[in-house]
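Keep in mind that the numbers below use all heavy atoms, side chains included, and drop hydrogens, waters and symmetry copies. Below, chains carry the letters A, B, ... as their sequence lines are ordered, and counting in each starts from 1.
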Protein chains: 2
Amino acid sequence: MSRVIPVKRNASPATPGPSTGQRILDVAEQLAQTRGFNGFSYADIAEELALTKASLHYHFPSKAHLGSALLQRYHQAFGEALEAIDRESGGAGEKLRRYVGLYDSVLQNNRMCLCGMLAAEFATLPAQMQHELRSFFDANEIWLAAVLEKGRHAGEFAFRGPPKQRARIVVSGLEGAMLVACAYRDGRRFRSAAKQILADIRTGSARANGATAE
Amino acid sequence: MSRVIPVKRNASPATPGPSTGQRILDVAEQLAQTRGFNGFSYADIAEELALTKASLHYHFPSKAHLGSALLQRYHQAFGEALEAIDRESGGAGEKLRRYVGLYDSVLQNNRMCLCGMLAAEFATLPAQMQHELRSFFDANEIWLAAVLEKGRHAGEFAFRGPPKQRARIVVSGLEGAMLVACAYRDGRRFRSAAKQILADIRTGSARANGATAE
DNA sequence: GTCTATAGGTGGATAGAC
DNA sequence: GTCTATCCACCTATAGAC
């Protein structure tokens, strides 16, 4: 009755914890986001997890496999985050703010967006990773474009041009802001830019020239 | 009199052509912009120039030296391009358009902006390159902020917020648009985004809601 | 300035024992 | 699943001849 409960998050006895495969991906992801896919090696992961390189190859036969698994997991997690936003958020404005929040939380962990990082390394990536990377950006733009269109229809947004095109600007702007913020190790730089990007969408030319300017 | 003039750009006899050091930098720059600083080796340069790796080390003792030289030359060339714009352009709008044109010409060579690429690799760069990289972005922002401020004062621009902050958005937006365009090998993606960024600056909230919207 | 030759290290990857 | 041991290709860099 009075036995001390071990410090586990889960109530079930003998909580398994993340599998080795997941832990490998966790470390690889962190390294890829901070140093790039070409900026880390199996040796780096092995050291962090106190394993050998050979063990890693059991779970991911080649670095190309590891990279693909990384992208697929990242894409899925991002997709689930977007679904959560869709479920829990009311207006398009709130959705967009939470979308930007996803980027911000990445940066607060001193990381670059995995896909922005990989975009820079695009020419050196295995073919499958290249396709998965585009797939990620495509999905992002589709989701964003839908939010933008709804928001403009509802009168929350007032940007010009087709929503799809605007979605690309937003993705580009956020990725670029992260990129530069990385070079300054300064999250405020990113948040300041993100705020402006959101403001540009909200006001556009529809808001009359008035007190809110400047 | 009727001697065939050899195909050289220069009239002087025995035109020297670019020095070996310059040719090394040319190749290194192209490789760094397409594959990243960690994505190429001395062997790649040596092969392209039909030299040996050892010869390269004579000109640039270490890869850190090579990288620094690369950044310094790039920074200087960019600075000279900005000076040319200042000299030859009338209005702020034209200056801004030509500034975007600098980015576009890089992309048309199927390259990423050197400094955007290096920003992604920031964590893995030698310390001096990190400082030089920031110096590049700083200089960009200063130049841009001045153009933006003048343009707004002259009534050509109508963006909101401080020029310095807006300058950062523009740089971020252009770098991000290049980054994503690289992953799609599609320059139109960049130009479309660049057009929007320029439009956002011109119109802001100062232009009345009228026929030009949409 | 450019070469040959080589050092010393690290990269991804495999074979086979346990 | 994880290990030891090893392979081979490639990396940056240096020594010394020409």
Side-chain angles (χ1 to χ4, degrees), chain A residues 14-71 117-118 120-130, chain B residues 14-32 34-71 117-118 120-121 123-130:
Chain A
T15 305
S19 68
T20 304
Q22 287 299 311
R23 288 190 302 142
I24 293 171
L25 287 176
D26 289 339
V27 175
E29 187 176 276
Q30 195 269 332
L31 288 167
Q33 288 184 265
T34 50
R35 306 176 52 89
F37 188 69
N38 297 323
F40 74 92
S41 69
Y42 272 45
D44 296 321
I45 306 173
E47 189 186 20
E48 178 71 23
L49 294 177
L51 286 175
T52 60
K53 290 188 289 174
S55 297
L56 303 185
H57 279 285
Y58 169 81
H59 294 276
F60 302 98
S62 76
K63 207 182 176 188
H65 287 90
L66 174 63
S68 276
L70 216 50
L71 265 172
M117 184 65 95
L118 295 181
E121 299 177 289
F122 190 81
T124 69
L125 296 180
Q128 196 177 350
M129 287 184 70
Q130 294 183 335
Chain B
T15 305
S19 68
T20 304
Q22 288 299 312
R23 287 189 304 141
I24 292 172
L25 287 177
D26 289 339
V27 175
E29 188 176 276
Q30 195 269 333
L31 288 167
T34 50
R35 307 177 51 88
F37 189 69
N38 298 322
F40 74 93
S41 70
Y42 271 44
D44 296 320
I45 305 172
E47 189 187 18
E48 178 71 24
L49 295 177
L51 286 175
T52 60
K53 292 185 284 173
S55 297
L56 304 184
H57 280 285
Y58 168 81
H59 295 276
F60 302 99
S62 76
K63 206 181 174 186
H65 286 92
L66 174 63
S68 276
L70 216 49
L71 265 171
M117 184 65 95
L118 296 181
E121 300 177 289
T124 70
L125 296 180
Q128 196 178 351
M129 287 184 70
Q130 294 183 335

The side-chain contact (heavy atoms from CB on, under 4.5 Å) partners of B:Gln128 (sequence neighbours excluded) come to B:Ser68, B:Gln72, B:Glu132
With sequence neighbours left out, the residues meeting side-chain contact (heavy atoms from CB on, under 4.5 Å) with B:Ala123 are A:Arg185
Salt bridge (Lys or Arg N to Asp or Glu O under 4.0 Å) filter on B:Asp26, not counting sequence neighbours, yields B:Arg73
Residues at least two apart in sequence or cross-chain that pass ring-ring contact (aromatic ring centres under 6.0 Å, His included) with B:Phe40, listed by chain then number, are B:Phe37
note: B:His59, atom NE2; C:dC3, atom C1'; distance rounded to Å ~ 12 Å
* To do: May I ask you to evaluate whether A:Thr20 reaches the phosphate of D:dT2, defined as a side-chain N or O under 4.0 Å from OP1 or OP2?
  => yes
In whole angstroms, the gap separating C1' of D:dT2 from OH of A:Tyr58 amounts to 10 Å
Rounded to whole Å, CG of A:Leu56 lies from P of D:dT4 at a distance of 13 Å
Among the nucleotides C:dC3, D:dT2, D:dA13, whichever has the atom closest to the side chain of B:Ser55 is C:dC3
Tell me whether the side-chain N/O atoms of B:Ser62 come closer than 4.0 Å to OP1 or OP2 in D:dT12.
no
In whole angstroms, the gap separating P of D:dG1 from CZ of A:Phe60 amounts to 12 Å
field: Heavy-atom check, side chain of A:Leu56 versus side chain of A:Leu66, under 4.5 Å
entry: no
Atom CG of A:Asn38 and atom P of C:dT10 are separated, to the nearest Å, by 18 Å
Here the distance between atom P of C:dG12 and atom CD of A:Glu47, to the nearest Å, is 14 Å
Please produce a list of atom pairs where a protein N or O lies less than 3.5 Å from an N or O of nucleotides 15-18 of chain D.
none

side-chain contact (heavy atoms from CB on, under 4.5 Å) filter on A:Ala43, not counting sequence neighbours, yields A:Ser41, A:Lys53
B/S/- along nucleotides 6-11 of chain D (protein heavy atoms under 4.0 Å) is -----S
Output yes when a side-chain donor or acceptor of A:Tyr42 lies under 3.5 Å from a complementary backbone atom of A:Thr52, and no otherwise. no
side-chain contact (heavy atoms from CB on, under 4.5 Å) filter on B:His59, not counting sequence neighbours, yields B:Thr20, B:Ile24
Residues passing the side-chain hydrogen bond (donor to acceptor under 3.5 Å, both in side chains) test with A:Thr34, sequence neighbours excluded, are none
Whole-Å distance, B:His57 NE2 to C:dT4 C1', equals 14 Å
